[in-house]
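One structure is given here, and the rest of the page talks about it.
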Amino acid sequence: MNKQKENTEKDFNERDEIEQRKAKLAELRKNGNPFRNDFRRDSLSAELKARYEELSKEELEEQPIRVKVAGRMMTRRVMGKAAFAHLQDMSGQIQLYVKRDSLPEGRYMEFKRWDIGDIIGAEGVMFKTKTGELSIMVDEIHLLTKALRPLPEKFHGLADQETRYRQRYLDLIVNEKSREVFKKRSAIIDYIRRYLMGRGFIEVETPMMQVIPGGATARPFITHHNSLDMQLYLRIAPELYLKRLVVGGFEKVFEINRNFRNEGLSTRHNPEFTMLEWYQAYADYHELMDLTEDLIRSLAKEVLGSTTVIYQGREYDLSKPFHRMTVKESILAFNPEIAPEQLADREAAKTFAEKLGIPVKDSYGLGKIQIEIFEKTVESSLDEPTFITAYPTEVSPLARRNDEDPFVTDRFEFFIAGREIANGFSELNDPEDQAERFRKQVEEMEAGDEEAMHFDADYIRALEHGMPPTAGEGIGIDRLVMFLTDSASIRDVLLFPHMRPKVKN
RNA sequence: GGGUCGUUAGCUCAGCUGGUAGAGCAGUGGACUUUUAAUCCAUUGGUCAUAGGUUCGAAUCCUAUACGACCCA
């Protein structure tokens with residue numbers, strides 16, 4: 001013990017930084033709980049800047065404005081008996097000017113022992129420095145929370161992608177761009193919610209754990225309920241529950257919530273992702289397209305302040321009317337070598353698909369083959385905002401058949417920058433047709449398609465009670481946020497993206 | 001699933017055709033009462049992702065694995 005004391009000075013230099021900070025914390029503990037929670041701020045840094053930035057040096061001196069702020073100390077420049085520091089709170093940063101002679105006796109020495117990254121509270125009056133930066137002349141300052149680990153480098157920030165995703169809190173502390181993305185994400189969701197509420201929609205929450213996973217074709221996650229001793233699925237979509245609500249008389253409903261799909265990870269896919277779905281009775285898919293166009297246009301205006309969006313170096317003008325074309329038209333447009341007759345004949349279409357390297361299973365009908373061709377040759381080229389309509393009935397088991405051409409449905413998908421953002425259709429409310437389509441899906445499942453739908457008898461029963469003519473749509477919120485925040489990867493718009501566990505230490 | 005690239009100090013990065021592991025920031029000690037990537041002086045800090053292999057000698061070459069990034073399916 002004594003030996004330790006003797007060597008304190010020397011050891012101190014040789015211990016690593018975390019140990020040094022822990023030693024400082026141990027010192028602090030001697031004077032009571034250092035994790036105090038009795039400081040109350042009255043201002044946020046951004047508010048102060050908004051209110052007082054315009055005032056001159058002299059105006060600030062004439063009428064002293066006292067403020068209390070709190071946050072993380074991000075930088076510190078000590079010049080003998082005075083120091084500057086930047087304090088970061090959720091709104092931004094404000095500079096503190098800390099003078100020994102303005103503080104209570106001994107406080108300045110304590111301040112000098114605090115570290116970058118510590119959470120502090122400060123009190124003082126607003127002033128402007130020589131260079132004109134709005135700052136606080138501090139006369140009272142407290143350490144509120146000791147940070148035991150050092151922050152990433154102040155100038156370059158945190159650049160390592162992996163650490164940014166795995167330790168998002170560090171990314172958020174240090175990278176303003178990252179904070180901006182998630183603030184925008186919040187603003188986007190808030191706008192969508194207000195937009196729909198303003199149009200008379202009711203927000204609802206439907207089961208995330210479902211007995212029968214439905215509403216989309218995708219592999220589900222399976223879990224187990226112990227006391228019921230039964231298998232449950234994490235939902236792949238809320239669709240069938242939302243439509244039950246329409247049957248129940250909730251004629252305009254929406255839900256913004258998580259879906260789970262047991263599929264691969266990529267820059268566009270995370271196992272859990274956020275989906276907006278809404279359903280409106282007495283409407284069809286044309287009205288949905290109009291609404292989608294208006295929603296996205298007004299959303300950009302509200303959140304970005306402009307209908308011009310720069311995404312990955314390309315400019316998108318959302319003020320222009322969005323393109324609309326059918327699946328068939330788009331395939332023909334992007335594959336000049338294919339003739340319309342070829343696309344109308346299963347064998348000819350199959351030959352064409354195989355030439356493209358698409359494996360065509362025997363179970364594939366013409367519609368499925370068309371969609372495979374579409375996904376391979378068209379989708380990623382749909383750069384400008386585009387609605388693609390008239391999806392084959394074969395691949396649209398929940399959508400209403402088109403009255404003129406029952407081969408296709410009254411369905412569309414919406415694309416920007418080569419990515420599917422939305423999927424909507426006039427709903428299939430004919431219970432007998434729906435039952436037939438479910439049976440087809442079950443056949444496909446039995447043939448080995450793990451993404452095919454289950455037969456949901458309870459849903460059919462609901463339809464048998466009568467669902468009014470309805471249109472419904474889903475928008476992938478993450479992909480929309482990617483587009484509006486110029487993010488290349490879905491991981492950049494998810495606070496905690498799924499990562500492989502890393503065994504470290 | 002296949003391909004390409006990456007992993008070096010707490011962070012950001014150098015490290016050439018194999019020859020004793022480097023800088024800046026952060027930290028520590030000192031100077032400094034309007035700085036802002038503060039400045040000046042001094043200084044601590046490394047299982048070079050992991051495991052093998054080649055070699056007198058490996059951060060460097062080879063193989064495998066882990067994790068990540070990008071592209072393709």
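Every chain is numbered from 1 and lettered A, B, ... according to where its sequence line falls, protein lines coming before strand lines.
Residues meeting the side chain to side chain contact (heavy atoms under 4.5 Å, CB included) test with A:D139, sequence neighbours left out: A:R66, A:E123. For A:F415, the ring-ring contact (aromatic ring centres under 6.0 Å, His included) criterion is met by A:F374, not counting sequence neighbours.
Across all strands, A:F127 comes closer than 4.0 Å to base atoms (heavy-atom distances). Counting non-hydrogen atoms under 4.0 angstrom, A:G264 reaches nothing in the nucleic acid. Across all strands, A:V78 comes closer than 4.0 Å to base atoms (heavy-atom distances).
As a whole-Å value, the separation of A:D115 CG from B:G27 C1' is 8 Å. In this structure, A:L87 atom CG and B:U35 atom C1' are separated by 16 Å, rounded to whole Å. Between the P atom of B:C11 and the CZ atom of A:R164 lies a distance of 15 Å, rounded to the nearest Å. Atom CG in A:D16 sits roughly 14 Å away from atom C1' in B:C11 (whole-Å rounding). A:E19 has its CD atom 15 Å from the C1' atom of B:U28, to the nearest Å. As a whole-Å value, the separation of A:Q93 CD from B:U35 P is 19 Å. Between the P atom of B:U12 and the CG atom of A:L170 lies a distance of 10 Å, rounded to the nearest Å. Rounding to whole angstrom units, CE of residue A:M74 and C1' of B:U35 are separated by 17 Å.
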Give me, pair by pair, the N or O atoms of the protein and of nucleotides 67-73 of chain B that are less than 3.5 Å apart, along with how far apart they are.
residue: B:C67; atom: O3'; partner: A:R166; partner atom: NH2; Å: 2.9
residue: B:C67; atom: O2'; partner: A:E162; partner atom: OE1; Å: 3.2
residue: B:C67; atom: O2'; partner: A:E162; partner atom: OE2; Å: 2.3
residue: B:C67; atom: O2'; partner: A:R166; partner atom: NH2; Å: 3.3
residue: B:G68; atom: OP1; partner: A:R500; partner atom: N; Å: 2.9
residue: B:G68; atom: OP2; partner: A:R500; partner atom: NH1; Å: 3.1
residue: B:G68; atom: O4'; partner: A:E162; partner atom: OE1; Å: 3.2
residue: B:A69; atom: OP1; partner: A:R491; partner atom: NH1; Å: 2.4
residue: B:A69; atom: OP2; partner: A:R491; partner atom: NH1; Å: 3.0

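Put simply, CG on A:L96 and CD1 on A:I141 are 5.5 Å apart, with the number rounded to the nearest 0.5 Å.
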Review item, side-chain donor-acceptor pairs of residues 482-497 of chain A, under 3.5 Å, at least two apart:
residue: A:T485; atom: OG1; partner: A:V481; partner atom: O; Å: 2.6
residue: A:T485; atom: OG1; partner: A:S487; partner atom: OG; Å: 2.8
residue: A:D486; atom: OD1; partner: A:Q312; partner atom: N; Å: 2.5
residue: A:D486; atom: OD1; partner: A:Q312; partner atom: NE2; Å: 2.9
residue: A:S489; atom: OG; partner: A:R491; partner atom: N; Å: 3.1
residue: A:R491; atom: NH2; partner: A:H498; partner atom: O; Å: 2.9
residue: A:D492; atom: OD1; partner: A:Y165; partner atom: OH; Å: 2.8
residue: A:D492; atom: OD2; partner: A:S489; partner atom: N; Å: 3.4

- A correct 5'-to-3' footprint of nucleotides 21-26 of chain B, with B, S and - meaning base, sugar-phosphate only and no protein heavy atom under 4.0 Å, is ---BBS
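Partner assigned to B:U34 is none, using Watson-Crick or G-U wobble distances below 3.5 angstrom. B:U65 and B:A49 make up a base pair, with Watson-Crick or G-U wobble contacts both under 3.5 Å. Nucleotide B:G1 is matched to B:C72 when pairs are restricted to Watson-Crick or G-U wobble geometry with both distances under 3.5 angstrom.
For B:U34, the base has no donor-acceptor partner in the side chain of A:E133 [N/O atoms by modelled type, under 3.5 angstrom].
Taking the P atoms as reference points, B:C48 lies 13 Å from B:G52, given to the whole Å. Separating the P atom of B:U47 from that of B:U35 is a span of 40 Å, rounded to the nearest Å. Between the C1' atoms of B:U50 and B:C67, the separation comes to 11 Å (whole Å). A distance of about 13 Å separates the C1' atoms of B:C13 and B:G6, rounded to the whole Å.
Aromatic ring centres of A:F414 and A:F322 lie closer together than 6.0 Å.
With respect to A:D118 and A:K146, a salt bridge is recorded, a charged nitrogen being found less than 4.0 Å from a carboxylate O. With respect to the salt-bridge test (charged N to carboxylate O, under 4.0 angstrom), the residues A:E451 and A:R219 do not qualify.
Here salt bridge (Lys or Arg N to Asp or Glu O under 4.0 Å) pairs that include residues 323-337 of chain A, with residues two or more places apart or in two chains, are A:D290-A:R324, A:E293-A:R324. The list of side-chain hydrogen bond (donor to acceptor under 3.5 Å, both in side chains) pairs with a residue in residues 346-358 of chain A, not counting sequence neighbours, is empty. Evaluation of the salt bridge (Lys or Arg N to Asp or Glu O under 4.0 Å) test over residues 365-381 of chain A, restricted to residues two or more places apart or in two chains, returns A:K368-A:E372. Residue pairs that meet the salt bridge (Lys or Arg N to Asp or Glu O under 4.0 Å) test with at least one member in residues 71-93 of chain A, sequence neighbours left out, do not exist here.
Mapping A:T75 and A:K112 onto RNA chain B by nearest heavy atom places A:K112 closer to the 5' end of the strand. The residue among A:W114 and A:Q95 whose nearest nucleotide of RNA chain B is located toward the 5' end is A:W114.
In this structure, A:K99 does not reach the B:C32 phosphate: none of its side-chain N or O atoms is under 4.0 Å from OP1 or OP2.
Looking at the side chain of A:K24, the nearest of the listed nucleotides B:U28, B:U12, B:U35 is B:U28.
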